[in-house]
Amino acid sequence: MAKHFLITAGPTHEPLDPVRYLTNRSSGKMGYALAGAAAHEGHRVTLISGPCDLEVPEGVDYLPVETAAEMYEAVSRYIGKAQIAIFAAAVADYRPVNVPEQKIKKTGNTLTLELVKNPDILGSAREVFGYKGTLIGFAAETENVEDNARGKLQRKGCDFVVANDVSRQDIGFNASENEVSLVYANHTEALPKDDKYQLSLEIIKKSLEV
Ligand code: C5P
C-alpha cells in the first residue's frame, strides 16, 4: 500500500552576514535518491531540502529551505502527515548568534564567531512533534560507526539508523556509491556497496518492514 514519506536532504546554510554562511559537506545525493526511489515505488513523498545542486525527482512534493531553523519549521508542519520519516539531511549543529545586516569587514587579525546550537530536528520528532510513525535517521561517523549509530537510535527514538563510515574516500560524500549498515536496536544489517539509488530502493523496502 502506498505510504506518505517525509524525507530531509542536503546541507543547511547558516548565514554569517549577507554574503557568507557556514555549512556541512553534503551533496544531498542520498536524500534525493531516497525521494526518487520512494516516488518510483508509488509512494507520496515530501522532500524538505537544504540548498542542493540536484534535480528534484519526478513526482515529489519539494519544499526548499535554507537554514536548520527553516528545516525544523517545515518538518514540524509536515511530519504529522507522514507514515515514514527519513532524516538524511546534514543539518548544521550550530549557527551564528548574531547576523549583521552588513558584510563583516576584514579588520582584526583574528575574528571570533559566537555560535549557538541549532534544534535537533530528528531528536524532536518523537518528543516535540509527537510523531508516531516509522523514524529513520542517518549517522555519518568517522570511528566506532556501529556504537555511535546505536546511541543515536536510542537517544532519538529511531526504528533504525543508516550508518556510514565517512572516513572512507570511495563512498559517502558526493560519491555516487555508498556502503551502509542498517543499525537496529538489537542487530545490524550490512548492505553491500552499491549506487545510492539501488541502496535507496533497499532502504525504502526495509522502512516498510518495520
Ligand atoms: O547527531 P547527528 O547530527 O550526527 O545525527 C544525525 C541524524 O540526525 C541525521 O539523520 C540528521 O539528518 C539528523 N539531524 C537533524 N537535526 C539536526 C542534526 C541532525 O535532524 N540538527
Side-chain angles (χ1 to χ4, degrees), residues 6-35 45-57 60-79 82 85-129 131 135-143 148-149 151-152 155-158 161-167 172-175 178 196:
L6 177 140
I7 298 173
T8 71
T12 64
H13 285 182
E14 310 298 328
L16 284 171
D17 70 14
V19 295
R20 305 182 179 100
Y21 54 80
L22 295 175
T23 193
N24 253 315
R25 282 179 65 178
S26 166
S27 64
K29 281 178 184 162
M30 194 67 223
Y32 278 56
L34 284 162
V45 180
T46 302
L47 174 63
I48 299 175
S49 172
C52 289
D53 209 6
L54 296 172
E55 210 175 299
V56 178
V60 161
D61 293 331
Y62 172 63
L63 248 146
V65 297
E66 193 178 337
T67 63
E70 287 169 16
M71 188 173 279
Y72 180 91
E73 162 69 20
V75 170
S76 75
R77 270 189 287 125
Y78 288 91
I79 197 166
I86 308 181
F87 287 72
V91 183
D93 290 330
Y94 292 88
R95 67 176 182 277
V97 173
N98 297 305
V99 184
E101 277 175 34
Q102 306 300 329
K103 186 179 165 188
I104 298 168
K105 289 296 182 195
K106 197 170 26 178
T107 47
N109 276 333
T110 61
L111 173 67
T112 305
L113 293 173
E114 194 184 355
L115 305 176
V116 58
K117 219 178 216 167
N118 272 328
D120 182 344
I121 309 169
L122 173 60
S124 302
R126 300 278 188 222
E127 287 183 6
V128 182
F129 309 143
Y131 175 65
L135 186 62
I136 299 162
F138 271 68
E141 304 289 349
T142 55
E143 57 180 359
N148 286 330
K152 264 171 213 177
R155 283 196 303 278
K156 304 185 186 202
C158 296
V161 165
V162 183
N164 64 340
D165 182 345
V166 291
S167 64
F173 294 138
N174 206 25
N178 207 355
K196 287 181 176 172

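Note that the structure is a prediction, hence the values are computed from the model and not measured.
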Trace of the side-chain contact (heavy atoms from CB on, under 4.5 Å) decision for Lys156 with Asp120: CA-CA 9 Å; Lys156 304 185 186 202; Asp120 182 344; 2.9 Å; yes

Test ring pair (Phe, Tyr, Trp, His ring centres under 6.0 Å) applied to Tyr131 - qualifying residues, sequence neighbours left out: none

Pairwise distance CG(Asn118) to CG(Asp93) - rounded to 0.5 angstrom: 7.5 Å

Glu14 side chain reached by Pro96 side chain, heavy atoms, under 4.5 Å: yes

Scan the side chains in residues 60-78 for donor-acceptor partners under 3.5 Å anywhere in the protein, sequence neighbours excluded, and list what turns up.
unit_1: Asp61; atom_1: OD2; unit_2: Arg44; atom_2: NE; d: 3.3
unit_1: Asp61; atom_1: OD2; unit_2: Arg44; atom_2: NH2; d: 3.0
unit_1: Thr67; atom_1: OG1; unit_2: Glu70; atom_2: N; d: 3.1
unit_1: Glu70; atom_1: OE1; unit_2: Glu66; atom_2: N; d: 2.7
unit_1: Glu73; atom_1: OE2; unit_2: Arg77; atom_2: NE; d: 3.2
unit_1: Ser76; atom_1: OG; unit_2: Glu73; atom_2: O; d: 2.7

Arg95 to Lys117 - nearest heavy-atom pair and separation: NH1-O, 3.5 Å

Minimum heavy-atom distance Phe138-Leu34, with the two atoms named: CZ-CD1, 3.8 Å

Nearest heavy-atom neighbours spanning Gly31 and Ala9: CA-CB, 3.7 Å

Any donor-acceptor pair under 3.5 Å from Asn164 side chain to Val166 backbone: no

Show which side-chain atoms of residues 104-115 pair as donor or acceptor with protein atoms under 3.5 Å away, not counting sequence neighbours.
none

Heavy-atom side-chain proximity of Pro11 to Cys52 below 4.5 angstrom: yes

OG1-CD1 distance between Thr12 and Ile121, expressed to the nearest 0.5 angstrom: 7.5 Å

Distance-minimising heavy-atom pair for Ala139 and Val161: CB-CG1, 3.7 Å

Any side-chain heavy-atom pair of Tyr32 and Ser49 under 4.5 Å: yes

Leu54 and Lys29: CA distance, side-chain angles, deciding distance, side-chain contact (heavy atoms from CB on, under 4.5 Å) verdict: CA-CA 8 Å; Leu54 296 172; Lys29 281 178 184 162; 4.2 Å; yes

Exam field: side chain Asn24 to backbone Val91, donor-acceptor pair closer than 3.5 Å: yes

Smallest separation among heavy atoms of Ala125 and Ile79, with atom names: CB-CD1, 4.0 Å

Reported OG1-to-CG distance for the pair Thr46 and Leu6, which is rounded to 0.5 angstrom: 6.0 Å

Separation between CG of Leu135 and CZ of Arg126, rounded to the nearest 0.5 Å: 4.5 Å

Distance (rounded to the nearest 0.5 Å) between Asn98 CG and Leu16 CG: 11.5 Å

Heavy-atom closest contact (Pro57 atom, Leu47 atom, distance): CD-CD2, 4.3 Å

